[in-house]
Trainee: 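Sharing a structure below in structure tokens format, with a few things to ask.
Ligands are counted one by one from 1 in listed order, and the atoms in each one are counted from 1 as well. Since the model is a prediction, treat every value here as computed from it, not as a measurement.
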Amino acid sequence: MDLRKYYRKNRKAIITATTGILYLGGWSIGYTTTLENISAIILVIATIVGGYDIAKKSYNTLKNRTIGINTLVTIAAIGAILIGKYWEAAAVVFLFTLGNYLEGRTMRKTRNALQELLEMTPNKATVEHGGEQKEIPAREVEEGETVIIKPGDKIPVDGEIIKGESTVNQAPVTGESKPQHKKQGDEVYAGTINQKGGLKVTATGTGSDTTIQRIIEKVEEAQEAKSPTETLLERFSKYYTPSIILLSIGTFILTKNTLMSLTLLVIGCPGALVIGPPVSIVSSIGNAAKNGVLMKGGKHLEKAGKIDLVAFDKTGTLTKGETKIKDIKGFSYSQSEVLRFAGIAEKNSEHHLADAVLEKIKEEKNKEIKTDGGKIIEKTNIPDPNSFDVKAGKGIIATYNGKNILVGNNSLLKENNISPTEDMVSYVGKRENKGETVVYITIDGKVIGVISFEDEIRKKSKDIVQKLKSSGIKTVMLTGDNDSTASSVAKKVGIDEYRSELLPEEKQNIIKEFREEGYVVAMVGDGINDAPSLATADVGIAMGAAGTDTAIETADMALMADDLKRIPYAINLSKSTRKNIYENIGIALFTVVFLLTGVLTSYIHLALGMLVHEGSVLAVILNGMRLLKYKI
Ligand code: ADP
Ligand code: MG
């Protein structure tokens with residue numbers, strides 16, 4: 001093997017080991033023989049071998065006008081040699097080098113918690129061109145190309161399934177341990193594992209433009225970003241280090257005890273204090289990422305540890321967000337006419353209610369084709385409206401063939417001076433009390449029917465709300481839906497409080513009000529419709545973020561899967577992280593006070609001081625790393 005390469009790669013380990021051997025050698029010669037000069041020379045060499053890098057780093061930081069730990073250690077080592085304390089000098093340098101080496105190793109391990117994710121993405125992909133298959137490097141696949149994925153293979157690109165059906169283990173991206181069923185039209189992500197069936201997908205994201213890469217990139221950014229506590233501690237240590245030097249000089253003037261002054265320099269370093277919190281945060285962010293929760297930085301993590309109110313959007317968050325038509329009622333119009341007019345008005349809307357209407361029309365058409373054995377009653381697609389106007393939080397106003405069509409809720413009707421009959425109102429009330437969402441369809445000011453929609457409540461909603469409540473967190477549901485529907489859903493999931501008939505900006509205002517009342521507020525919603533409220537909350541949590549770049553970009557925390565269980569997990573992890581940070585600060589401060597007392601009372605000298613100091617640095621690192629193992 002190339003020795004030079006080996007040396008470069010293992011420089012730190014080699015220097016640490018060499019310093020250690022020289023130190024032990026010098027020390028044992030001095031201890032067992034009378035060859036004091038030889039012992040001294042070897043110890044000085046040990047100091048130089050280990051101290052060279054430290055002195056160099058010290059020189060670099062001094063150039064930037066900052067005094068760091070390296071400078072303190074350098075002064076201490078040189079000072080010790082000057083007063084003939086060779087053993088002390090070598091010991092300090094060796095312990096410091098060893099500490100640094102271990103610190104570097106463990107830190108790398110912490111930061112690389114995500115390395116496994118990166119290794120998930122395969123290097124090769126099989127693409128299909130005009131019926132021919134070819135294996136090419138995965139990052140050379142272009143968007144829109146067809147990629148073949150065999151059972152058991154890792155998926156090389158983000159894509160949409162065009163053929164085949166399978167189960168996919170999405171744990172690397174979403175943290176879900178249960179494999180997900182995937183069929184035509186579904187999305188798959190690079191780095192996940194195809195299990196049972198062969199798949200043909202159209203690539204939608206390749207190379208560095210995949211969900212998994214974006215997650216890794218965001219996690220790295222998040223790990224770099226400084227939390228308020230970290231910033232505070234760093235600012236503190238900027239003043240702290242020079243004051244230790246002053247204390248050391250003062251001690252020398254008063255006591256003329258050089259060794260004690262040098263010892264003060266070494267033990268006064270704020271090493272554990274500065275290194276502790278970042279380890280806690282980096283570990284925690286790594287743990288979260290592996291469990292499908294993207295934390296956007298220590299700042300949010302520290303905030304999330306203080307959350308005492310969680311506001312949920314109803315649609316798509318507490319409910320599945322798969323709105324389906326439950327019932328159509330015509331008033332002197334047939335059901336299919338009501339559906340058809342609703343379809344015309346909703347044709348160009350992107351609202352989830354519109355999707356449900358158009359979906360139903362598609363279904364009905366298929367049914368007709370099947371049952372009538374080829375006799376298709378209505379072949380034509382739904383026509384476009386001549387004009388349409390979206391009334392946010394209320395509905396749609398459209399015109400078609402000279403007719404004025406309204407589809408929407410009570411407030412839309414009121415605004416347009418349309419009043420439903422008592423019978424209609426009582427029918428609507430009955431359906432709403434079941435938790436359904438009901439909209440009116442009117443033509444030229446006359447109600448022709450109502451459509452009731454149902455959006456199933458997620459199975460986990462009740463459990464999760466209960467879990468949050470039992471850990472003392474207030475739960476609130478916000479929705480644009482009407483009061484009866486909202487009340488029914490709120491009751492079913494057991495939420496503390498709900499607010500209904502809200503326009504998007506009203507949701508935002510409510511979040512603001514809660515914050516003004518002193519709550520630390522988390523808002524859970526989808527990253528797109530609920531973006532304003534997510535931004536207003538102390539911590540904005542986006543659900544089902546895999547595949548939606550905006551959610552990954554804008555939320556403070558993004559849950560890759562649509563899994564509510566991640567919310568209490570994320571909050572509890574944040575709480576544990578805060579606790580861990582304080583433990584680390586505690587360990588660091590206790591050590592400093594303990595050492596200072598020890599030194600000033602002459603119980604602790606240079607080498608022992610360094611040993612305890614390095615011990616405290618390793619202790620906070622190991623304590624922080626416990627968060628890597630935190631379980632859901
Ligand atoms: P949410 O996301 O909670 O459903 P929205 O603000 O999107 O809230 O909608 C609130 C209410 O406004 C809906 O429950 C419905 O009554 C009415 N509405 C909004 N958009 C439409 C639409 N395109 N068609 C029919 N009704 C609509
Ligand atoms: Mg919504």
Trainee: Is the shortest distance from a Lys or Arg side-chain nitrogen in Lys320 or Glu456 to a carboxylate oxygen in the other one below 4.0 Å?
Mentor: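 Yes, Lys320 and Glu456 are salt-bridged.
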
Trainee: Does a donor on one side chain sit under 3.5 Å from an acceptor on the other, for Thr204 and Glu143?
Mentor: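 Side-chain D/A pair, Thr204 to Glu143: absent.
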
Trainee: Could you tell me whether Glu346 and ligand 1 have an N or O pair separated by under 3.5 Å?
Mentor: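 Between Glu346 and ligand 1 (N or O atoms, distance only) the closest approach is under 3.5 Å.
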
Trainee: Answer with yes or no whether the side chains of Asn194 and Ser166 bring together a donor and an acceptor at under 3.5 Å.
Mentor: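 Yes - a donor-acceptor pair under 3.5 Å links their side chains.
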
Trainee: Which value, rounded to the nearest 0.5 Å, describes the distance between Lys512 atom NZ and Ser533 atom OG?
Mentor: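 The NZ atom of Lys512 sits 10.5 Å away from the OG atom of Ser533.
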
Trainee: Based purely on interatomic distance, does Val439 place a nitrogen or oxygen under 3.5 Å from a nitrogen or oxygen of ligand 1?
Mentor: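 Min N/O separation from ligand 1 is not below 3.5 Å for Val439.
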
Trainee: In Å, rounded to the nearest 0.5 Å, how long is the span from CD of Glu432 to OG1 of Thr485?
Mentor: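 One finds 4.5 Å between CD of Glu432 and OG1 of Thr485.
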
Trainee: With respect to atom 19 (C) of ligand 1, which of Glu506, His351, Lys314, Glu501 exhibits the smallest heavy-atom separation?
Mentor: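 Considering heavy atoms of Glu506, His351, Lys314, Glu501, the nearest to atom 19 (C) of ligand 1 sits in His351.
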
Trainee: Which of the atoms of ligand 1 are close to Thr315, meaning less than 4.0 Å from one of its heavy atoms?
Mentor: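 In order of numbering, the contacting atoms are 1 (P), 2 (O), 3 (O), 4 (O).
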
Trainee: Taking the side chain as every heavy atom from C-beta outward, state whether Leu627 and Asn287 have any atom pair closer than 4.5 Å.
Mentor: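 Contact flag for Leu627/Asn287 side chains = no.
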
Trainee: Identify, by atom number and element, the atoms of ligand 1 in contact range of Asn409, meaning under 4.0 Å from any of its heavy atoms.
Mentor: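 Numbered from 1, ligand 1 contributes 11 (C), 12 (O), 16 (O), 17 (C).
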
Trainee: Quick check on contacts: which atoms of ligand 1 are under 4.0 angstrom from a heavy atom of Thr437?
Mentor: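 Checking each atom against Thr437, I get 14 (O).
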
Trainee: List every atom of ligand 1 that sits less than 4.0 Å from any heavy atom of Asp481, numbering the atoms from 1 in the order shown and giving each element.
Mentor: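 What qualifies from ligand 1 is 3 (O), 14 (O).
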
Trainee: Going by distance only, is there an N or O of His352 that falls short of 3.5 Å from an N or O of ligand 1?
Mentor: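 Yes; the residue has a nitrogen or oxygen that sits under 3.5 Å from a nitrogen or oxygen of the ligand.
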
Trainee: Would Val438 count as a polar contact of ligand 1, with the cut-off being nitrogen or oxygen pairs under 3.5 Å?
Mentor: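 For ligand 1, there is no N or O atom that lies under 3.5 Å from one belonging to Val438.
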
Trainee: For a quick check under 3.5 Å, do His181 and Glu165 share a side-chain donor-acceptor pair by atom type?
Mentor: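 Indeed, the side chains of His181 and Glu165 share at least one donor-acceptor pair under 3.5 Å.
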
Trainee: For the 3.5 Å polar cut-off, considering only N or O atoms, please tell me whether Lys391 and ligand 1 meet it.
Mentor: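 So ligand 1 has no N or O lying under 3.5 Å from an N or O of Lys391.
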
Trainee: Need the ligand 1 atom indices (1-based, order shown) with element for anything under 4.0 Å from a heavy-atom of Ser349.
Mentor: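 Counting atoms of ligand 1 from 1, those under 4.0 Å from Ser349 are 23 (N).
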
Trainee: Using a plain distance cutoff, I'd like to know if Asp313 has any nitrogen or oxygen under 3.5 Å from a nitrogen or oxygen of ligand 1.
Mentor: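 No - when backbone and side-chain N and O of Asp313 are compared with those of ligand 1, no distance drops under 3.5 Å.
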
Trainee: Examine Lys329 relative to Tyr427 and say whether NZ or CZ is less than 6.0 Å from the centre of the six-membered ring and inside a 45° cone about the ring axis.
Mentor: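 Flagged: Lys329 positioned over aromatic ring of Tyr427.
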
